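Below, all heavy atoms of this structure are taken into account, side chains as well, without hydrogens, waters or symmetry copies. It should be emphasised that the depicted structure is a prediction, and the values quoted were computed from it without experimental measurement.
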Amino acid sequence: MSTGRPTSSHWGPLRARVEDGQLSIVPHEIDSCPSSLLRNMGPANGHAARIHHPMVRRGWLENGSGPSQARGRDEFVRVEWPELVALLAAELDRVIDLHGNAAIFGGSYGWGSAGRFHHPQSQVHRFLNTVGGYARSVNTYSTGASSVILPHVLGAGVDAVHGLTGWSVLAEHTTLIVAFGGLPARNMAVAPGGITRHRGAAALRQIIGDGTAVVAVTPSRADCPDGPDVRWCPIDPGTDVAMMLALAWVLITGHLHDTEFLRTRCAGYDRLEAYVLGLEDGVPKTPEWAEVITGVAAAEIYTLAARMAANRTFVSVTWSLQRAQHGEQPPWAAVALAAVLGQIGMPGGGFGHGYGSMGDVGLPQRRNPLPTLPQGRNPVGAFIPVARIADMLLNPGAHFEYNGGVHRYPDARLVYWCGGNPFHHHQHIGRLRRALAMPDTVVVHEPFWTATARHADIVVPSATSLERSDIGASRNDPCLHAMHQTCDPPGDARTDYETFSELAAAMGVRSAFTEDASERDWLRRIYERWRRQLAGQGAAPPPFEEFWNAGHTELPELPDDEVMLRDFARDPETYRLSTPSGRIELFSETIQSFGYDDCPGHPTWLPPDAGPSAKYPLTLLASQPANRLHSQMDMGPASQEGKVNGREPMLMHPEDAASREIAPGSIVVISSAQGSCLAGAVLTDDIKKGCVQLSTGAWYAPLDPSDVDSPCGHGNVNTLTVDRGTSRLAQGCTGQLVSVDVRRHQGPAPAVSAHAPPRDAVPNPPARPCDGRPRSVEDRSTK
C-alpha cells in the first residue's frame, strides 16, 4: 500500500507526504488508471510563483482606491495581516456605505478546489452574503450557451449538458457514434471534485474495440479516438450546424425520418422541416449546399445519413462547439437531427452532450447531495452572464439582453475574486485589462502570482489544497475523500476561511460567518449533514471520525443504465417535459417571441460575422490542454514537457507552414484583430489545412506589461480571442474560434517570464511598518 496522507484533486485521489523537506505525490491505490496531471502538483506547490505574504499595490496604498491603469504594471508592497484586514474591511465598508452591496462583484469563477468546504467560491459568497450580498455571475464559460438553450428545447428537468447515457449502455447498444467535435480523450482525466477511478477513456476504447463505428466530425484528428472503425471527417471550424441540417435534409427527403416520433414527441417539426427543405427561405439545406460551407463532400454527407438511419446511432456534440458565435445552434441542431432519426430515448441512440469534454460525462448519474458549505442568502438581485465581466466593468449601468429579459449591468466598484483566473477563462485580454482598470478596488485571493493576482490592488495569499484539510467529492463519483493536510502554507499564507473569519470579525459579523465553528467542526458538520441526507437512499456511510481515519468512504455502485428521455419517449403523455408544449421543442414559440435575429425560433445556420480573410486567413482552434487543468500548475513538469522552446505549442498543417517558411520548433507570432502572442510551431497532418490549434491555459506574460495590447510571449490564446456573447439569448463565451495569421518570429526570441514572481514580491520582502490603523474611508473613486 502506498504511504502518505490521503487527499484528492480535480484529477483524482492521491497520497502526499513531506520527507526531508521534499513534497512527494503518488497516485492513490484505489485508482488503477491515475491521471498524469498529478505530476504537476508537487513541483508547483513549492514553486517560486507562490505568494508568501499579503501584498498591496503601491498606487492603491498611497493614493487610495479608484480607477487605475497602473494595475498589472505597478509594484507591490508587503503588509502585515492586521493592516491587510483593516484596509480591506474599511474598503468594503466604504463601498457598501456609498454604493450598496450591488457594487461588489463576487464572481470568483474558477476551479479553485476539489474540496467542498474550502471551495473558494463558496467561501467568498458566504462571506459576502454575511455582509449584505453581492452582484453575481450565472452559467459557466464551459457550457454558457447550452445551459440556456437546452432547457427551452428539452425542459429544465433534463440535464442534457452532462450527457445522461452511460458508457456501458453505449457499449451494449450503439453501433454508430457521430461525434461532432470528436471524442477527445485528453479531457477525460478531470471533473469538478475529481474522479476516483478513471474509466471514461478505457470505456471508449472498449466500445470502439467491440465494433462500434465512430465518425468524428472535427478539424483536428487529435479529437478522434483510435480504433479500427473510426473515421475522421475534417470539417471547416464552426460549420457543424450546416452539416447537421444537410443530414436532416437527406433523411427527410429520403423518407428515412421517424414521422411518428416527430408527430407525438416533438413540437414545431413542421416549422423545422420547412426551413430544412428551403420552403421558409428558398434555400434547401442539401449536401451540395453544405459542402460549400463545411468543406465536407456532399457524397460523404449522403453516405453518412444512410448509415445513421440504418444503425442505432448516437449523435454526440462536445461542449467546444457551443463556445463560438451562435453557440446555441449546434446542440439544438443535434437534438433536432436525433429527433428526425427518432432514436431519442432508445438505449444507445439519441443525443449526447459533453462526451469527451469532461471526465464524469458518461458515468452513472448519482444525483446525490454533496457535503457543501452553506452560502446563505444573497439579497442582491444584480447579475451578469459569467462571460460578460468586461462588458460590465466597461459599461456600468448599460442595458443587456439575456434569455428574454432586459437587465442592467451593475456598477461594480469592488471586484472580489477568490479561486479563479479570468486571464485564463476570459477572451480578449487587452480588453479585459482595460476593464480591470475601471473599478475602485480589485481584491484577489491566490496561492500563485497569476496574471489575475498581478492586476489586483489587494493580494491575499491563500493555502493550496495540500495545505489544509477538506472533504473531496464530485457529483457523479461514488467516493468521498478525506483530504488530510500534508504541509503548512508558506510564509504568511493562510486558508480563505481563516482570512474571511478575521475579515468578518473586523466588520462585526464573525459569528454569523463562522457560526463559532473551527475548520474541523465544519468538516464534521457538513459530512454528517450529507450522511443524514443519504440515510433514506439505501446508503450507510460511517460516522465522520471513522471516515476521516479510513481516508475515504464509498457509496454503492449504481447500474449504468440511465438513458436520456427514455420514459418520455415511451409515454410522452405521462412523462411530459417541462417545456411549454411538454415535448421536445424543435421550434420554440418562447424563443421566437424574444425577437432575436441571432437566435431564431428553430435551429438555424447562421454564418459568423467574421471568418477567415485576406489579413487573417487561418482559423485558430482554442482547445483544452492535455497536460494541465485549464491554467492550473502550468509550471509543473507535465505541463512544461509539452512546451516548445518554453512556449505553448501551436499545431499547424505542413503545407500552411511551408508557405510561411515555418519549420518544426520555430517561434511564431500569431496575430488576430484582438492581439498577438508567441508560440512554438508543431507541424502535423492531424490538423485540417487552413487551421491552427493552440491550447488554452498558458500563463499570460506580456512582453511589455505597461501596454495592455502587448503580445504575450508565452502563448496565452486569449490575447487573440473575441470577447462577445454567443447571442442575445445566452450571452455565452465565444473563445473557441478566431481568425488569425501566423508568421515566423524574426530575431532573438524574448525570454519567457510567465512563472517568475514580480520583482518586488520575492518570498520575504521587508514588511511595511504597521500601526494597526485603517486608512481613511473617504470616497477616492474619482482619483
Side-chain angles (χ1 to χ4, degrees), residues 1-19 23-32 34-35 37-38 41-42 45 111-120 122-123 190-198 359-360 366 368-374 419 462-489 494-498 517-535 537 539-557:
M1 179 175 178
S2 301
T3 59
R5 294 174 181 264
T7 185
S8 192
S9 68
H10 290 305
W11 40 94
L14 60 133
R15 290 185 180 273
R17 65 176 177 176
V18 176
E19 192 170 39
L23 175 64
S24 63
I25 304 289
V26 294
H28 199 288
E29 62 276 5
I30 199 172
D31 188 2
S32 62
S35 168
L37 300 186
L38 293 173
M41 292 186 69
N45 206 71
W111 291 55
S113 173
R116 297 296 91 194
F117 172 67
H118 286 296
H119 183 241
S122 298
Q123 289 282 339
V190 301
I195 302 173
T196 298
R197 298 178 180 87
H198 289 85
D360 62 354
R366 304 199 67 87
N368 291 325
L370 291 176
T372 56
L373 175 69
S462 294
T464 67
S465 60
L466 296 173
E467 298 160 357
R468 61 199 183 204
S469 296
D470 212 331
I471 296 173
S474 180
R475 61 191 169 212
N476 284 348
D477 198 80
C479 281
L480 209 70
H481 292 276
M483 298 174 64
H484 288 234
Q485 180 179 345
T486 302
C487 51
D488 292 327
R494 55 177 61 175
T495 69
D496 296 324
Y497 182 66
E498 291 174 305
S518 67
E519 174 192 83
R520 185 67 167 230
D521 294 334
W522 272 112
L523 296 182
R524 183 181 293 104
R525 184 181 300 181
I526 65 175
Y527 176 88
E528 292 296 346
R529 183 188 299 120
W530 169 81
R531 192 164 76 100
R532 290 192 299 271
Q533 289 173 319
L534 289 180
Q537 300 185 20
F544 174 77
E545 294 299 336
E546 183 179 337
F547 152 73
W548 192 257
N549 292 330
H552 71 276
T553 188
E554 191 157 2
L555 300 176
E557 286 283 351

S.K.: Hey, is the main chain of R494 close enough, under 3.5 Å, to the side chain of E467 for a donor-acceptor pair?
M.R.: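 No: the side chain of E467 does not pair with the backbone of R494.
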
S.K.: Considering residues at least two apart in sequence or located in another chain, which fulfil the side-chain hydrogen bond (donor to acceptor under 3.5 Å, both in side chains) criterion with T196?
M.R.: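 By the side-chain hydrogen bond (donor to acceptor under 3.5 Å, both in side chains) rule, T196 matches D477, H481.
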
S.K.: With rounding to the nearest 0.5 angstrom, report the CG to CG distance, L534 to L555.
M.R.: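 Answer rounded to 0.5 Å: 6.0 Å.
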
S.K.: So T553 and P542, do their side chains get closer than 4.5 Å, heavy atoms only?
M.R.: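 When only atoms from C-beta onward are counted, T553 and P542 do touch, with a gap below 4.5 Å.
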
S.K.: Which of these, I30, L38, I195, sits in a side chain to side chain contact (heavy atoms under 4.5 Å, CB included) with P13?
M.R.: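 Option passing the side chain to side chain contact (heavy atoms under 4.5 Å, CB included) with P13: I30.
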
S.K.: How far apart are the C-alpha atoms of L373 and Q123, what are their side-chain angles, what is the distance that settles it, and do they pass the side chain to side chain contact (heavy atoms under 4.5 Å, CB included) test?
M.R.: CA-CA 8 Å; L373 175 69; Q123 289 282 339; 3.5 Å; yes

S.K.: Taking all atoms of both residues into account, what is the closest heavy-atom pair of I25 and L14, and its distance?
M.R.: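 It is CG2-CD1, 3.5 Å.
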
S.K.: From T464 OG1 over to Q485 CD, what is the distance, rounded to the nearest 0.5 angstrom?
M.R.: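 T464 OG1 to Q485 CD: 9.0 Å, rounded to 0.5 Å.
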
S.K.: Using 30° and 60° as the class limits, which term best fits the ring planes of Y497 and H118: parallel, tilted or perpendicular?
M.R.: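 It falls in the perpendicular class, over 60°.
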
S.K.: Which heavy-atom pair separates G419 from P120 by the least distance, and what is that distance?
M.R.: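 Answer, listing the atom of G419 first, then P120: CA-CB, 3.5 Å.
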
S.K.: Kindly give the heavy-atom pair with the smallest separation between S113 and D470, and that separation in Å.
M.R.: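 Closest approach of S113 to D470, heavy atoms only: OG-OD2, 4.2 Å.
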
S.K.: Mind checking the CD-CZ spacing from E528 to F544? Nearest 0.5 Å is all I need.
M.R.: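 Separation between the atoms: 8.0 Å.
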
S.K.: Is there a donor-acceptor pair closer than 3.5 Å between any side-chain N or O of R531 and the backbone N or O of P541?
M.R.: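 Checking the backbone N and O of P541 against the side chain of R531, a donor-acceptor pair under 3.5 Å is found.
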
S.K.: Parallel, tilted or perpendicular: which describes the rings of H10 and W111, with under 30° parallel and over 60° perpendicular?
M.R.: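 Because their plane-to-plane angle is over 60°, the rings of H10 and W111 count as perpendicular.
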
S.K.: Please find the pair of heavy atoms, one from T3 and one from V26, that lie closest to each other, and give the distance.
M.R.: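 For T3 versus V26, the nearest heavy atoms are O-CG2, 4.0 Å.
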
S.K.: Which atom pair, heavy atoms only, marks the closest approach of S474 to L370?
M.R.: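 In this case the closest contact between S474 and L370 is O-CD2, 3.6 Å.
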
S.K.: Taking D360's backbone N and O only, do any of them form a donor-acceptor pair with N476's side chain (distance below 3.5 Å, no angle check)?
M.R.: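 Indeed, once roles are kept as given, a pair shorter than 3.5 Å links the two residues.
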
S.K.: Tell me if a side-chain donor or acceptor on T372 pairs with a main-chain N or O of R116 at a distance below 3.5 Å.
M.R.: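 Such a contact is absent between T372 side chain and R116 backbone.
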
S.K.: Can you find a pair of side-chain heavy atoms, one from M41 and one from S9, that are under 4.5 Å apart?
M.R.: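 Of all side-chain heavy-atom pairs linking S9 with M41, at least one is under 4.5 Å.
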
S.K.: Do H484 and W548 make a side-chain contact, defined as non-hydrogen atoms from C-beta onward lying under 4.5 Å apart?
M.R.: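 They are in side-chain contact.
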
S.K.: Tell me, please, which residues at least two apart from R17 pass salt bridge (Lys or Arg N to Asp or Glu O under 4.0 Å).
M.R.: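 R17: salt bridge (Lys or Arg N to Asp or Glu O under 4.0 Å) contacts with E19.
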
S.K.: If you compare all heavy atoms of I471 against all heavy atoms of P371, which two are closest, and at what distance to 0.1 Å?
M.R.: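 Closest approach of I471 to P371, heavy atoms only: CG2-CG, 4.0 Å.
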
S.K.: How long is the gap from CG on L466 to CG on N45, to the nearest 0.5 Å?
M.R.: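 It is 5.0 Å, given to the nearest 0.5 Å.
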
S.K.: Without swapping roles, check the side chain of H28 against the backbone of P34 for a donor-acceptor pair under 3.5 Å.
M.R.: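 Checked: no pair found.
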
S.K.: I'd like to know if the side chain of W530 and the backbone of P369 have a donor-acceptor N/O pair within less than 3.5 Å.
M.R.: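 Indeed, once roles are kept as given, a pair shorter than 3.5 Å links the two residues.
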
S.K.: Is it true that E498 and R468 have a side-chain N and a carboxylate O under 4.0 angstrom from each other?
M.R.: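 Salt bridge absent between E498 and R468.
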
S.K.: Would you say the rings of H198 and W11 are close, in the sense that their centroids are separated by under 6.0 Å?
M.R.: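 Between H198 and W11, which both carry aromatic rings, the centre distance is not below 6.0 Å.
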
S.K.: Rounded at 0.5 Å granularity, tell me how far OH in Y527 sits from CD in E545.
M.R.: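 Answer rounded to 0.5 Å: 10.5 Å.
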
S.K.: From F117 CZ over to M483 CE, what is the distance, rounded to the nearest 0.5 angstrom?
M.R.: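 F117 atom CZ to M483 atom CE measures 12.5 Å (nearest 0.5 Å).
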
